[in-house]
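Counting begins at 1 with the first residue of the sequence. Just the heavy atoms: all of them, side chains too, but no hydrogens, waters or symmetry mates, feed the values below. Since this is a predicted model, take the numbers as computed values, not measurements.
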Amino acid sequence: MALPHGETALRLGLLFVAALWAGVQNQLAGGGSFLTLPALMLTGMDARAANITSTVALFPGQVTGGWVGRKAATGTEGLSLRALVLISLAGGAVGAVLLLATPSSFFAHLVPWLVLFATAAFAWGSFGKKPAAGEAGGHLGPWVGGAIQFLIAIYGGYFGGGIGFLMLAALALSGLALRSAGATKNVLAGVMNFTAVLIFLFSGQVRWLEAAVACVAAVLGSVVGARMLTRVNETALRVVVVIIGAALTVGLFWQAGR
């Protein structure tokens with residue numbers, strides 16, 4: 001059922017604000033999808049369409065972040081950057097196809113668990129013990145590292161929340177220093193979503209008006225966030241993201257149980 005024009009404008013306005021904040025948040029601490037997903041659902045679309053539209057809308061910002069830091073990106077021991085890119089492309093495509101094959105009603109019941117997992121991954125990545133590069137006893141070989149990256153890429157194409165921290169941990173355990181792992185993670189995040197976005201573009205599931213509003217706002221937010229990098233308490237922002245993720249998880253479980 002179509003919403004009244006005034007209500008539609010209000011919800012698009014809220015989406016713009018949420019996506020603007022998401023763009024800032026992604027530059028400063030990550031976790032922007034925790035804001036765009038519920039905002040898109042508030043416009044009236046189901047959870048699967050909201051997830052697909054959010055992925056498309058936030059993609060330009062991911063590409064920008066990956067491009068800026070591309071010179072510091074590198075491969076791991078036994079796995080070149082090109083190999084990691086190809087693995088991420090394949091995994092992202094698999095995840096996108098799996099998402100489109102998932103019935104909307106089933107995905108709606110799955111979303112609370114995905115958000116719970118993403119929130120836990122974000123909290124662990126933000127406040128847990130960071131694995132040191134090539135940590136003794138925990139160094140991943142090329143086959144194990146490649147397999148883990150492929151699974152992360154499938155998850156990234158399917159949902160994506162928390163992939164940055166999952167990749168940082170895997171890349172650090174594969175021997176990369178933190179700066180190189182961060183830059184490589186940004187490149188691979190854009191790569192895995194590239195194939196997902198290509199598939200989504202032809203799926204008929206993208207809500208283009210909402211995607212355009214969120215995309216413009218997120219890009220503007222990214223510019224603002226980049227300028228705020230040295231003036232904002234990143235730890236406080238990460239706490240806010242965890243709180244938002246926890247509240248969203250509770251809300252989604254409550255809605256699913258109604």
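The CG atom of Leu10 sits 11.5 Å away from the OG1 atom of Thr43 when rounded to the nearest 0.5 Å. Taken from CG in Leu35 to CG in Leu14, the straight-line distance is 12.5 Å, to the nearest 0.5 Å. Interatomic distance, Ile154 CD1 to Ile163 CD1, rounded to the nearest 0.5 Å: 13.0 Å. With values rounded to the nearest 0.5 angstrom, Leu166 atom CG is found 10.0 Å from Ile148 atom CD1. Distance check, rounded to the nearest 0.5 Å: CE of Met45 to CG of Asn51 gives 11.0 Å. Rounding to the nearest 0.5 Å gives a distance of 9.5 Å between CZ of Phe165 and CH2 of Trp124.
Every residue was checked against the ring pair (Phe, Tyr, Trp, His ring centres under 6.0 Å) condition with Phe159, not counting sequence neighbours, and none meets it. Evaluation of the side-chain hydrogen bond (donor to acceptor under 3.5 Å, both in side chains) rule for Tyr155 yields no partner, not counting sequence neighbours. Looking at residues two or more places apart in sequence or on another chain, you find a side-chain contact (heavy atoms from CB on, under 4.5 Å) between Ala72 and Arg179, Ala183. Contacts of Val17 classified as side-chain contact (heavy atoms from CB on, under 4.5 Å), with partners at least two apart in sequence or in another chain: none. With sequence neighbours left out, Phe59 forms a ring pair (Phe, Tyr, Trp, His ring centres under 6.0 Å) with no residue at all. For Asn186, there are no side-chain hydrogen bond (donor to acceptor under 3.5 Å, both in side chains) partners two or more places apart in sequence or in a different chain. Scored by the side-chain contact (heavy atoms from CB on, under 4.5 Å) test, Val240 finds Trp21, Ile244 as partners (sequence neighbours excluded). For Ser105, the side-chain hydrogen bond (donor to acceptor under 3.5 Å, both in side chains) test picks out no residue, with sequence neighbours left out.
The two residues Gly32 and Ala22 make their nearest non-hydrogen contact at O-CB, 3.4 Å. Closest approach of Leu248 to Pro38, counting heavy atoms only: CD1-CB, 3.8 Å. Considering every non-hydrogen atom in both Thr184 and Ala73, the closest pair reads OG1-CA, 3.4 Å. Between Leu171 and Ala181, the shortest heavy-atom distance links the atoms CD1-O, 3.6 Å. Smallest separation of non-hydrogen atoms from Gly156 and Asn193: O-OD1, 3.6 Å.
Distance alone, capped at 3.5 Å, is enough to place a donor-acceptor pair between the Asp46 side chain and the Ala49 backbone. Although no hydrogens or angles enter the test, the distance criterion places a donor-acceptor pair under 3.5 Å between the side chain of Thr195 and the main chain of Met192. No donor-acceptor pair closer than 3.5 Å links the side chain of Ser180 to the backbone N or O of Leu176.
When hydrophobic clusters are built by joining Ile, Leu, Val, Met, Phe, Trp and Tyr residues whose side-chain heavy atoms come closer than 4.5 Å, directly or via intermediates, Val242 is not grouped with Val250. Both Leu12 and Leu40 belong to a single network of hydrophobic side chains, linked directly or stepwise wherever heavy atoms of I, L, V, M, F, W or Y lie under 4.5 Å apart. Cluster annotation: Phe16 and Leu42 are assigned to distinct hydrophobic clusters (Ile/Leu/Val/Met/Phe/Trp/Tyr, side-chain heavy-atom contacts under 4.5 Å, transitive). Taking hydrophobic clusters as Ile, Leu, Val, Met, Phe, Trp and Tyr residues chained together by side-chain heavy-atom distances below 4.5 Å, Phe34 does not share a cluster with Leu58. Val219 and Val56 sit in two unconnected hydrophobic clusters of ILVMFWY residues. Membership requires side-chain heavy atoms under 4.5 Å apart, directly or through other members.
Put simply, the side chain of Leu79 does not reach to within 4.5 Å of the side chain of Ser174, judged on heavy atoms. In this structure the side chain of Arg11 never reaches within 4.5 angstrom of the side chain of Leu15, judged on heavy atoms.
For Phe194, the CZ atom counts as loosely surrounded, since its 6.0 Å shell holds 12 or fewer non-hydrogen atoms of other residues, nucleotides or ligands.
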Open item on the list: For a side chain to side chain donor-acceptor pair (under 3.5 Å) check, start with the C-alpha distance between Ser54 and Thr36, then their side-chain angles and the critical distance, and finish with the verdict.
Closed with: CA-CA 6 Å; Ser54 177; Thr36 53; 2.8 Å; yes

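For residues 85-113, the ring-ring contact (aromatic ring centres under 6.0 Å, His included) pairs, not counting sequence neighbours, are Phe107-Tyr158, Trp113-Phe253.
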Residues 197-217, side-chain donor-acceptor partners within the protein, below 3.5 Å, at least two apart:
from	atom 1	to	atom 2	distance (Å)
Ser203	OG	Phe200	O	2.7
Ser203	OG	Gln205	N	3.1
Gln205	OE1	Arg48	NH2	3.3
Arg207	NH1	Gln205	O	2.8

Determine all donor-acceptor pairs shorter than 3.5 Å in which one atom belongs to a side chain in residues 81-100; sequence neighbours excluded.
from	atom 1	to	atom 2	distance (Å)
Ser88	OG	Leu84	O	2.8
Ser88	OG	Gln149	NE2	2.9

